[in-house]
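One structure is given below, encoded as structure tokens.
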Amino acid sequence: MKVLANVFHPGLAESRVIRLWADALEAAGVEVRRHTGEPLDHAAERAACESADRLLFVHPFHWYSAPWPLKQWIDQVLTGGWAYGGPDRLAGKPWRHAISVGAGAEEYEPGGSRRYSVEEFLRPFERTAAFCRAEYQTPFLFYGAGYRGDEDIRAAADELVDRLIR
Ligand SMILES: Cc1cc2nc3c(=O)[nH]c(=O)nc-3n(C[C@H](O)[C@H](O)[C@H](O)COP(=O)(O)O)c2cc1C
């Protein structure tokens with residue numbers, strides 16, 4: 001099972017969580033492609049997706065969504081005649097997000113200050129995957145990134161790698 005991890009972070013060099021996760025995935029033999037907002041080689045992105053059995057989208061939670069390099073990637077890579085409306089190249093491939101969330105889980109629970117769950121905020125991605133006939137999977141969520149210590153971040157990286165390899 002070949003896993004492709006597309007990593008999206010506009011400030012990856014200063015990242016505590018996502019940078020470490022990307023390195024941990026790579027060390028475990030996963031193909032990691034880091035996107036910080038640079039122009040994309042669309043053909044290379046599509047070829048990487050085609051050769052993968054499973055797609056992982058790794059990013060922080062920014063403004064109740066993904067950071068903009070993921071939107072750039074979706075808009076430019078998932079075009080008609082490739083991702084949908086024809087060969088549907090991602091059809092049947094598992095699609096999972098692994099997300100670092102700044103606030104604690106309780107803030108996203110019913111009655112919490114954020115009002116909606118992270119899963120609800122992710123619906124545009126769920127529907128994007130469905131439109132491409134990919135298999136949207138339950139996201140891997142790491143809450144409280146804003147106050148967690150290095151040990152927790154490393155443990156989450158181990159858990160992410162374990163779940164992928166299992
Ligand atoms: C521009 C920006 C927007 C953010 N928006 C949210 C948000 O909507 N909800 C939240 O819980 N945390 C938010 N955060 C906190 C990030 O989720 C947190 O800093 C990140 O998960 C830490 O991962 P990193 O060390 O890889 O950057 C935001 C941070 C930034 C910089």
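Start at 1 with the first residue, then count along the sequence. First listed ligand is number 1; within each ligand, the first listed atom is number 1.
Qualifying side-chain hydrogen bond (donor to acceptor under 3.5 Å, both in side chains) partners for Ser51, counting only residues two or more places apart in sequence or in other chains: Lys2. For the ring pair (Phe, Tyr, Trp, His ring centres under 6.0 Å) test, residues two or more places apart in sequence or in another chain that qualify with Phe57 are Trp73, Trp95, His97. Under the rule for a side-chain contact (heavy atoms from CB on, under 4.5 Å), the partners of Tyr143 that lie at least two apart in sequence or sit in another chain are Val101, Ala105, Tyr108, Val118, Glu119, Leu141.
Within the 4.5 Å cutoff, no side-chain heavy atoms of Val3 are placed close to those of Asp53.
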Under the ring-ring contact (aromatic ring centres under 6.0 Å, His included) criterion, do His59 and His35 qualify, and how do the steps go?
CA-CA 10 Å; His59 58 86; His35 305 287; over 10 Å; no
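Ordered by chain and residue number, the residues placing a heavy atom less than 4.0 Å from ligand 1 are His9, Ser15, Arg16, Val17, Ile18, Pro60, Phe61, His62, Trp63, Tyr64, Ser100, Val101, Gly102, Ala103, Tyr108, Arg114, Ala145.
No more than 12 heavy atoms of other residues, nucleotides or ligands lie within 6.0 Å of CD in Glu151, so this atom counts as exposed by the packing criterion.
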